[in-house]
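All remarks here apply to the structure that follows.
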Amino acid sequence: MGKSFFYCEQDYTDNKFRLRKFGRNGSWLEEIPFRPYCYIYGVGNSEFKDAINHKSVKKIEFDNPSNIGLFKSDNLTLESDIPYERRAMLDMDWKIDDVPKVYVDIETNDSHGAPDPNRDEILSVGMIFDDGREEWLHGDEKKMLQEFINLTANVGMMITYNGGTDVWSTRSFDIPYIARRYGKQFEFDNMLRHCAFMDIYQIYKYETSRVGKALAGGMSLDNVAVHELGHGKIRRDKKIYAMPKNELRDYNMNDVRILKEIDEKFQFTDVKIGLAQLTNLNLCAWRRNKKVDELKPLIMVDQLVLKEGKNLGLVWHDRQFSDEESITGAMVLEPIVGVHQGVQNFDVRQMYPNIMINEKISPDKDRIVVPNILMKLKAIREELKEKYKKTKSKEDYINQYGYKVLANVFYGAIGNPACRIYDRSLAQAVTSKGQEILGRVREMCELAGFSVVYGDTDSIFAKIEKSKSESLLGLINNMIKPYEMEAGEYYTRILFLGDMEGEKIIGAKKRYAGITDEGEMKTVGVQSIRRDYCVIAREMQLLALNKVLNGKSEVDLQTCMNNLRKVLPSKIYDSYLVITKGVKNLGEYKLKTKTGKESKGQPHIRALRMAVEKGFQNMFDISFVYTKKDVEPILVDGIFPDDIDYEKYYESQVVAVVEPIIKSIQLQNGTYVIKEKSRKRKTINQSLLEHLSS
DNA sequence: TTTAGGCACAGGGAAGTCATGGT
DNA sequence: ACCATGACTTCCCTGTGCCT
């Protein structure tokens, strides 16, 4: 081949099927090296056999890829559901290469408030290409957009911040806005059909949520940049439309630069390219006249499975969709409530992928396809990790990370009915083995005389002196071969939360806080790292955890709480009271009660409804505050209602997150007293008294 | 239009419980 | 003894975001 391409699709001109490849200098046609095909059961022209039952299969060829669909409806077919260009990438082992990138940000006329593509024109477009070339377009909108199309004619990846991943996206800004101002969305999209739209906002949000760090202050480009790069957007004292040309250019281009810097820091788009190369996939594809993301986990798994099958002479059935009961998942041990001193955390290295290798978890008859793939991924990753240690090169890092991502996806895929290798009992086998391993590790720790204070899926928290942890690790690893544990954090002090349930103390799973031997506080699962609690409650909880982990008294804490309660009504902390939650479109909520009546809905849904009534649509998140009347959405930064219900905040946010901490300590010490629940009715006099005294 | 399951917790709503006051 | 009322509790459900 020689020539590098970044996008490949089937092309039908002059009544001939070909493949069109797109490269840095334009596109070119390639003759199809084989005809479209699928398989049916039967004997004849093929050495291949059904992967699952080893029945022999027959290859059926077609002149036109769309004929497979017609044939399929009348026959039991195998591998008939693989798009033609994907089939070509697989069979020819083609990979995309050298993807030209452009970072884009637009500024629009904001003189009417929130920009509306039907009314407000685009004032400028800022672009930075991967070779460092900067372009800034400004002036007549029609000419500007035409120039934009010209400049991006051979671009494979357009990268924005909240610009969306397709021209139809309703919750995103730049890309659909340009498309609508351009005229016809479809035409615009078609013009850039080879170009994948990457939204750093969405990727960042997804990736950071996976490692559990909700960003205080929201996910705006400015806030993310300040947090990740140390510098944000240019401060402005006027609206966009009122800016002189030079100022607008500086503002616009600075946005593009920080966008590029964020991407380069995390290598988000390079990782995507790495994954596409590993799986012989395009970044995007056209299906039913719409551009879609190709790098979805199931598609990546599909490609690898089909490829490995082909190597082994195996053919797979078509994907099937079924609705089955879910399986039993991981084991979570109940934590021992309270503060513990000296706790070592151990994790099983890559537990699920290794189980799938060692236990030969694979749907094919010989149980080798999935283990083979995972072993290859593992071996290459080890090699790349070693190489990365020496070279510190970006490519090596990205590739080893890509192999890790892919390995971890396989368990989820085998448990998803939409996946070609779906097998409920195999998924169950993986989790059962996981439970067994964790159970044995727990027994081993206890047998060696160390109490296990917590464990989740593949991790164990054992009470042990740091100096002894290595020898315990040795014992464990000897026992669980070929699996392998590694030491994680060592906590000098760690707190597990819990509550009474009847007569018993029950530990709360998946939430704890501790101080590592390096003196850092780590919080997991607790409200202070959840973005749907207000900042003041989150901060207060952090303070409480800090005090408790450092052995401070509870009295001290109560003083802080009282002070906070007094200062809240002064309004200076209003901005810390905003609660933000992710939302769907209003219509997607069930707003009917069991008896069929109209339901009031949950607070965030009521806030969403109010926002929609004010004309805000397609929001990812809703921000709101509790008021004395109900709730109120926060739609403009920095403007808050007068009647915020401060007492409610104190009770249902601040107390709600601090009290469980105090309670857990008391439960451990045995000083907790169950409050007598008086069945007496609260008289008017009592509540009056309370009101007067406060 | 789809990688998995396990978990805590807020708040709404319906049904149940209890004290009160009237007949 | 019986009933209506209102305040409160209990349980189930929806929804979100977290953990591995």
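Order of the sequence lines fixes the chain letters, A, B, ..., with proteins taken first and strands second; residue numbering starts at 1 for each chain. Side chains are part of it too, since the values below use all heavy atoms of this structure and drop only hydrogens, waters and symmetry mates. Remember, predicted model here, so these are calculated numbers, not experimental data.
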Rounded to whole angstrom units, what separation is found between the [atom1] atom of [X] and the [atom2] atom of [N]?
X	N	atom1	atom2	answer
A/Leu438	B/dG5	CG	C1'	15 Å
A/Gln541	B/dC9	CD	P	10 Å
A/Met619	C/dT16	CE	P	13 Å

Salt bridge or not between [X] and [Y]? Use side-chain N to carboxylate O under 4.0 Å.
X	Y	value
A/Lys509	A/Glu334	no
A/Glu308	A/Lys376	yes
A/Glu436	A/Arg440	yes

Next on the checklist: Both A/Asp347 and A/Arg511 contact DNA chain C. Which one's nearest nucleotide lies toward the 5' end?
Outcome noted: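 Its nearest nucleotide being more 5', the pick is A/Arg511.
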Checklist entry - Can you list, by residue number, the residues of residues 326-338 of chain A that have a non-hydrogen atom closer than 4.0 angstrom to DNA chain B? => result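 Within residues 326-338 of chain A, the residues near DNA chain B are A/Ser326, A/Ile327, A/Thr328, A/Gly329, A/Ala330, A/Val332.
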Item to check | With sequence neighbours excluded, residues passing ring pair (Phe, Tyr, Trp, His ring centres under 6.0 Å) with A/Tyr201 | outcome: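 For A/Tyr201 the ring pair (Phe, Tyr, Trp, His ring centres under 6.0 Å) partners, ignoring immediate neighbours, are A/Tyr161, A/Phe620.
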Item to check | For A/Phe268, all residues meeting ring pair (Phe, Tyr, Trp, His ring centres under 6.0 Å), sequence neighbours excluded | outcome: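 Only A/Phe266 meet the ring pair (Phe, Tyr, Trp, His ring centres under 6.0 Å) criterion with A/Phe268.
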Item to check | Separation of A/Leu564 CG from A/Met540 CE (nearest 0.5 Å) | outcome: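 It is 6.0 Å, given to the nearest 0.5 Å.
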Under 3.5 Å, is there any donor-acceptor pair linking the side chain of [X] to the base of [N]?
X	N	answer
A/Tyr206	B/dT3	yes
A/Lys509	B/dC7	no
A/Arg530	C/dG17	yes

Pairwise N/O distances under 3.5 Å, protein to nucleotides 12-14 of chain C:
from	atom 1	to	atom 2	distance (Å)
C/dT14	O2	A/Gln602	NE2	2.4

Atom pairs and distances, donor-acceptor, side-chain atoms in residues 401-416 of chain A, under 3.5 Å, two or more places apart:
from	atom 1	to	atom 2	distance (Å)
A/Asn408	ND2	A/Lys404	O	3.3
A/Asn416	OD1	A/Ala418	N	2.7

Item to check | Under 3.5 Å donor-acceptor, A/Asp645 side chain and A/Lys648 backbone | outcome: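 Between the backbone of A/Lys648 and the side chain of A/Asp645 there is a qualifying donor-acceptor contact (under 3.5 Å).
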Checklist entry - Using atom C1' of each nucleotide, how far apart are C/dT20 and B/dT3 to the nearest Å? => result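 C/dT20 and B/dT3 have their C1' atoms separated by 14 Å.
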Checklist entry - So what does A/Arg606 touch, heavy atoms closer than 4.0 Å: a base, only the sugar-phosphate, or nothing? => result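 The residue A/Arg606 makes sugar-phosphate contact but no base contact.
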Item to check | With A/Arg493 via side-chain hydrogen bond (donor to acceptor under 3.5 Å, both in side chains) - residues at least two apart | outcome: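 Listed in chain order: nothing, the list is empty.
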